[in-house]
Number of protein chains: 2
Amino acid sequence: MSINYCNPEKIKDLFTKYMEIHNLRKTMERYSILHHICMIQGHFDVEMLQKRLDEDNFHVSRASIYNTIMLLLDARLIVRHQFTTQLVEYELQAAAETHHHAFCNYCGAIKEVKETHLRKEMTQLRITKFTYEYHSLYIYGMCSKCKFRLSRKHKKENNNNI
Amino acid sequence: MSINYCNPEKIKDLFTKYMEIHNLRKTMERYSILHHICMIQGHFDVEMLQKRLDEDNFHVSRASIYNTIMLLLDARLIVRHQFTTQLVEYELQAAAETHHHAFCNYCGAIKEVKETHLRKEMTQLRITKFTYEYHSLYIYGMCSKCKFRLSRKHKKENNNNI
DNA sequence: TTTACTGCAAATATTTTGCAATATC
DNA sequence: GATATTGCAAAATATTTGCAGTAAA
């Protein structure tokens with residue numbers, strides 16, 4: 001149930017500005033990658049992104065995708081998530097800043113959590129000899145489905161022992 | 001400047017208890033790996049851990065190190081950090097819970113931040129349909145050294161333009 | 001005695017790199 | 001026209017897996 005709170009045109013303009021400042025070339029590949037990222041609801045990984053581009057008949061090499069993702073990270077237009085060892089995911093910064101992430105340790109589900117109070121506190125955090133730029137907060141635990149499933153399993157096992 | 005706030009004996013006992021509950025075998029390898037982790041000040045990676053074990057004439061295979069790390073993560077005795085794409089690091093949970101981490105985007109330095117207020121708030125966080133177990137908070141920004149270095153570089157460039 | 005665990009090597013997965021071709025400025 | 005960027009394939013890196021031997025229970 002994630003909504004992209006993004007304005008694709010605005011994000012594109014920010015990227016253009018970023019590339020101009022850094023004397024980078026504004027290639028079709030880079031714009032196309034960003035465009036498809038804006039079209040994805042929620043998280044994505046490199047695999048998924050390339051598949052979407054291919055489906056849209058715009059093939060971009062793996063190397064270029066990694067290159068562009070690096071630029072977008074540096075431009076602070078996307079953020080990187082890694083909840084488990086296996087999978088690296090990304091998300092539009094514009095979408096990510098609207099919520100925290102709660103990860104279920106038992107089924108891997110990711111729940112988006114609105115919590116403006118905490119976010120405000122952290123943005124106001126002052127660390128000595130350190131200039132705050134951004135942060136990431138991941139909350140780990142058990143989702144309600146798993147809690148229900150595991151409590152039933154537990155009951156069943158106890159009954160079997162009688 | 002990181003201190004291991006660990007009591008190796010206590011941590012070993014917790015691991016023993018964990019293995020007994022889960023019907024796992026208490027092997028020399030597993031205890032040796034945990035022992036060496038307790039001896040490391042601050043963060044470590046798989047490479048470093050194996051090197052330390054080898055230096056102590058206790059060779060353990062890569063596979064067993066990964067296996068044991070997985071158990072220790074599951075037992076909540078160590079935590080996993082990944083500040084960048086390249087490097088996965090681990091840390092004793094007992095040490096990690098005493099601080100947050102602030103990562104410098106420009107030189108990669110990791111600063112440990114004492115901030116009990118935030119930690120308490122997060123532990124008290126209640127999310128609907130979700131049972132909190134633990135969280136991770138990373139703060140990203142610029143350390144004072146890089147700020148100084150970059151401001152000097154900037155000044156120098158401006159002078160050259162005159 | 002049973003079988004979980006280990007070491008080793010091979011397999012898998014992910015990301016980076018070298019280089020010739022191409023497209024941007 | 002100069003050169004940054006791309007695609008491709010190969011290389012580098014990190015993690016997992018299969019299997020035979022070993023050791024914990």
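Below, all heavy atoms of this structure are taken into account, side chains as well, without hydrogens, waters or symmetry copies.
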Whole angstrom value for the distance that separates [atom2] of [N] from [atom1] of [X]:
X: A/Arg80; N: C/dT15; atom1: CZ; atom2: P; result: 8 Å
X: A/Ile65; N: D/dT5; atom1: CD1; atom2: C1'; result: 14 Å
X: A/His22; N: C/dC25; atom1: NE2; atom2: P; result: 16 Å
X: B/Gln50; N: D/dT15; atom1: CD; atom2: C1'; result: 13 Å
X: A/Glu29; N: D/dC8; atom1: CD; atom2: C1'; result: 14 Å
X: B/Glu47; N: D/dA12; atom1: CD; atom2: P; result: 16 Å
X: A/Leu87; N: C/dT14; atom1: CG; atom2: C1'; result: 11 Å
X: A/Met19; N: D/dT5; atom1: CE; atom2: C1'; result: 12 Å

Discussion item. Does the structure place the NZ or CZ of B/Lys111 under 6.0 Å from the centre of the six-membered ring of B/Phe103, at an angle of no more than 45° from the ring's axis?
Written reply: no
Discussion item. On the side chain of B/Arg25, is there an atom forming a donor-acceptor pair with the base of C/dT3 - under 3.5 Å, no angle test?
Written reply: yes
Ignoring backbone atoms, test whether [X] places a side-chain nitrogen or oxygen under 4.0 Å from the OP1 or OP2 oxygen of [N].
X: B/His59; N: C/dT6; result: no
X: B/Tyr66; N: D/dT16; result: no
X: B/Ser64; N: C/dG7; result: yes
X: B/Asn67; N: C/dC5; result: no
X: B/Thr27; N: C/dC5; result: no

Worksheet entry | Parallel, tilted or perpendicular: rings of B/His135 and B/Tyr132 (30°, 60°) | tilted
Worksheet item: Can you say whether the rings of B/Tyr140 and B/Tyr138 are parallel (under 30°), tilted (30 to 60°) or perpendicular (over 60°)?
Response: perpendicular
Practice prompt. Give a yes or no on whether a salt bridge exists between B/Arg76 and B/Glu133, defined as a side-chain N under 4.0 angstrom from a carboxylate O.
Written response: yes
Worksheet item: Are any of the side-chain nitrogens in A/Arg25 or A/Glu20 under 4.0 Å away from the carboxylate oxygens of its partner?
Response: no
Worksheet entry | Selected nucleotide, minimal atom distance to A/Lys26 side chain, candidates C/dC25, D/dA24, C/dT6 | C/dC25
Worksheet item: Among C/dG7, C/dT24, C/dT15, which is the nearest nucleotide to the side chain of A/Arg62?
Response: C/dT15
Worksheet item: If you pin A/Met70 and A/Leu24 to their nearest nucleotides in DNA chain C, which one's is more 5'?
Response: A/Met70
Worksheet item: Which residue lies toward the 5' end of DNA chain D, B/Ala63 or A/Thr68, if each is placed at its nearest nucleotide?
Response: A/Thr68
